Number of protein chains: 2
Amino acid sequence: MNDLVTSTDLASEADEPKTLAEAAYRQLRRDIIEGVHRPGEKLRVEHLKDQYEVGAGTLREALQLLVTDALVVAQGQRGFRVAPISLDDFADITRTRVLLETSALQQSIELGDDTWEANVVAAFHMLSRAEDKLVDGAKGTREEWELRNRAFHEVLISACPSRWIRHFQNILYHQSERYRRLSLFRQPIPRDVHAEHQAIVDAALARNSAEATRILSDHILRTLDAVRQLPADFIS
Amino acid sequence: MNDLVTSTDLASEADEPKTLAEAAYRQLRRDIIEGVHRPGEKLRVEHLKDQYEVGAGTLREALQLLVTDALVVAQGQRGFRVAPISLDDFADITRTRVLLETSALQQSIELGDDTWEANVVAAFHMLSRAEDKLVDGAKGTREEWELRNRAFHEVLISACPSRWIRHFQNILYHQSERYRRLSLFRQPIPRDVHAEHQAIVDAALARNSAEATRILSDHILRTLDAVRQLPADFIS
DNA sequence: ATAATCAAAAATCTCGAGAAAAGTTGTTGA
DNA sequence: TCAACAACTTTTCTCGAGATTTTTGATTAT
């Protein structure tokens with residue numbers, strides 16, 4: 001049932017890294033998203049090439065790839081640094097996500113076939129299971145939940161034929177994931193997220209486009225409100 | 001009057017290239033957009049490094065930067081090639097542009113101040129002048145028109161506070177520009193584009209958001225219809 | 001004490017050569 | 001004649017050292 005979903009992103013993602021540069025890229029991306037490298041931190045090639053066990057030029061390429069995702073900024077002749085964060089930026093990311101994701105969902109609902117429906121309920125089921133394990137608080141369950149949450153949102157819009165919207169949505173998801181992890185967001189669990197997901201699934205399967213996009217919109221925007229109520233030194 | 005506009009893109013663009021890699025990147029981008037390197041064409045590093053007079057590693061970096069703009073695709077261990085084109089892709093690009101650009105215009109109309117209005121009329125004036133010269137058919141006037149057309153569309157949404165929307169819109173504009181130049185589109189001039197631009201300006205200054213976005217939407221989508229009526233070997 | 005100037009140090013950027021992989025051609029055997 | 005295998009050529013990928021640029025720290029003059 002898993003392989004119903006086929007990854008057709010612009011930057012093909014799913015498969016194994018075929019080159020050292022790409023491997024370093026993925027490790028670096030993971031470390032940045034998880035906050036190992038702090039926002040605004042300078043990324044010195046000479047220092048990192050040992051840590052990631054690649055040559056200088058190779059690491060350089062990995063950094064360039066991260067510029068694509070806007071997780072790293074390159075400044076002229078002054079090297080690289082981790083993209084800074086701000087509340088304004090997160091608000092921007094969230095609103096843009098709403099714009100893209102609602103449009104994508106609308107098209108998905110319009111065009112999705114039986115297989116899409118099956119994928120949606122399957123992904124929702126996986127996510128629900130992950131939520132059950134989450135209350136126990138065992139280690140690694142949070143990681144699992146993040147993955148399945150991402151998969152759920154991805155499957156929802158998987159029937160949207162626009163590769164560009166999915167591409168941009170993908171970038172924004174990485175961005176907001178960074179904010180989510182960086183913030184004290186590691187709090188217990190998001191609110192009654194389960195009910196919201198359930199409502200989205202119901203509306204989607206009922207082909208109620210207006211309702212589904214409305215709920216999804218609220219769902220995404222709620223994370224913005226949550227971050228707004230965080231301590232001010234969040235920007236770090 | 002010109003410096004009213006401040007470039008605040010994610011990937012800062014306006015200034016001079018500060019590095020060899022970036023210089024090569026811009027030349028390559030220009031050549032790809034103008035069709036010097038055809039869609040699907042293989043981009044061999046060994047051959048291009050002489051042509052652009054940089055080292056192999058440097059050219060490699062330039063190619064990576066182009067992957068960001070989705071003008072070049074990198075395949076695992078099999079080098080780079082110019083991103084292929086298709087009618088479906090162009091349709092996708094155009095529709096996504098409509099989604100982003102109308103949203104941006106709506107916010108611009110809502111938030112734009114006097115300076116924004118001044119920039120809009122100024123850019124429109126520059127564009128109109130370029131159209132006048134265009135009928136003479138002197139060389140280089142087409143280039144000038146493209147630049148000012150781009151500037152006009154950029155200024156229109158310049159009051160949109162979302163850096164992300166402007167960033168994505170920027171990428172898509174490059175993409176559609178490639179299609180426009182690649183196609184036989186070099187035809188006389190787009191239709192009565194002037195009247196459409198005029199109508200957009202009027203609606204924007206009247207703060208008639210619904211009207212302005214409707215016209216802009218039609219305006220962008222019309223280019224899609226034009227391409228649809230091109231010979232089939234357009235995909236080349 | 002503050003500001004400007006200049007030299008040392010660190011980091012980035014660039015390059016060409018060597019290692020690994022992919023693609024091509026020619027040969028052998030059924 | 002066709003398919004499979006092997007050696008060769010081409011291309012990509014990787015690495016470390018040298019050249020430029022930026023940054024830091026100390027010195028001097030106002």
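On a predicted model such as this, the values are computed, not experimentally measured, just so you know. Every chain is numbered from 1, with letters handed out A, B, ... down the list of sequences.
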### Query
Between atom CD in B/Glu53 and atom C1' in C/dG16, what is the gap in whole Å?
17 Å
### Summary
From CG of A/Leu65 across to C1' of D/dC13 the rounded distance in Å is 14 Å
## Note on the structure
Rounded to whole Å, the CD-C1' distance (B/Glu61 to D/dT12) equals 16 Å
### Task
Would you kindly give the CZ-to-P distance between B/Arg78 and C/dA21, to the nearest whole Å?
15 Å
#### Entry: Distance in angstrom units between B/Arg60 CZ and D/dT11 C1', rounded
10 Å
### Message
Just to be sure I understand the rule, does A/Gly57 reach a base, reach only the sugar-phosphate, or reach nothing, if contact means heavy atoms closer than 4.0 Å?
### Response
nothing
### Message
At 4.0 Å (heavy atoms only), tell me whether A/Ala21 reaches a base, stays on the sugar-phosphate, or touches nothing.
### Response
sugar-phosphate
### Task
Among C/dA22, C/dT14, D/dT23, find the nucleotide with the atom closest to the side chain of B/Gln77.
C/dA22
#### Entry: Strand contacts (DNA chain D) in residues 41-52 of chain B, 4.0 angstrom heavy-atom criterion
B/Lys42, B/Leu43, B/Arg44, B/Val45, B/Glu46
### Query
Please give, in whole Å, the distance from D/dT21 P to B/Leu20 CG?
10 Å
Return a table of donor-acceptor pairs under 3.5 angstrom between the side chains of residues 48-66 of chain B and protein atoms on other chains or two or more places apart.
residue, atom, partner, partner atom, Å
B/Tyr52, OH, B/Asp31, OD2, 2.5
B/Tyr52, OH, B/His37, NE2, 2.9
B/Arg60, NE, A/Glu61, OE2, 2.3
B/Glu61, OE1, A/Gln64, NE2, 3.4
B/Glu61, OE2, A/Arg60, NE, 2.3
B/Gln64, NE2, A/Glu61, OE1, 3.3

## Note on the structure
Rounded to whole Å, the NZ-P distance (B/Lys18 to D/dT20) equals 17 Å
### Query
What integer distance in Å separates A/Leu63:CG from C/dA11:P?
15 Å
Mind listing the side-chain donor-acceptor pairs of residues 72-85 of chain A below 3.5 Å, one per line with the distance, residues two or more places apart or on another chain?
residue, atom, partner, partner atom, Å
A/Gln77, NE2, B/Lys18, O, 3.4
A/Arg81, NH1, A/Gly40, O, 2.7

### Message
In terms of relative ring orientation, are A/Phe168 and A/Trp164 parallel, tilted or perpendicular, with 30° and 60° separating the classes?
### Response
tilted
### Message
Measuring to OP1 and OP2 of D/dT14, would you say a side-chain N or O of A/Thr19 lies under 4.0 angstrom away?
### Response
yes
### Query
Can you tell me how far OG1 of A/Thr68 sits from CZ of A/Arg29, rounded to the nearest 0.5 angstrom?
11.0 Å
### Query
Should the pair A/Asp88-B/Arg163 be classified as a salt bridge under the 4.0 Å nitrogen-to-oxygen rule?
no
### From B/Gln175 atom CD to B/Tyr179 atom OH, the distance as rounded to the nearest 0.5 Å
7.0 Å
#### Entry: Salt bridge present between B/Glu154 and B/Arg166 (N-O < 4.0 angstrom)
no
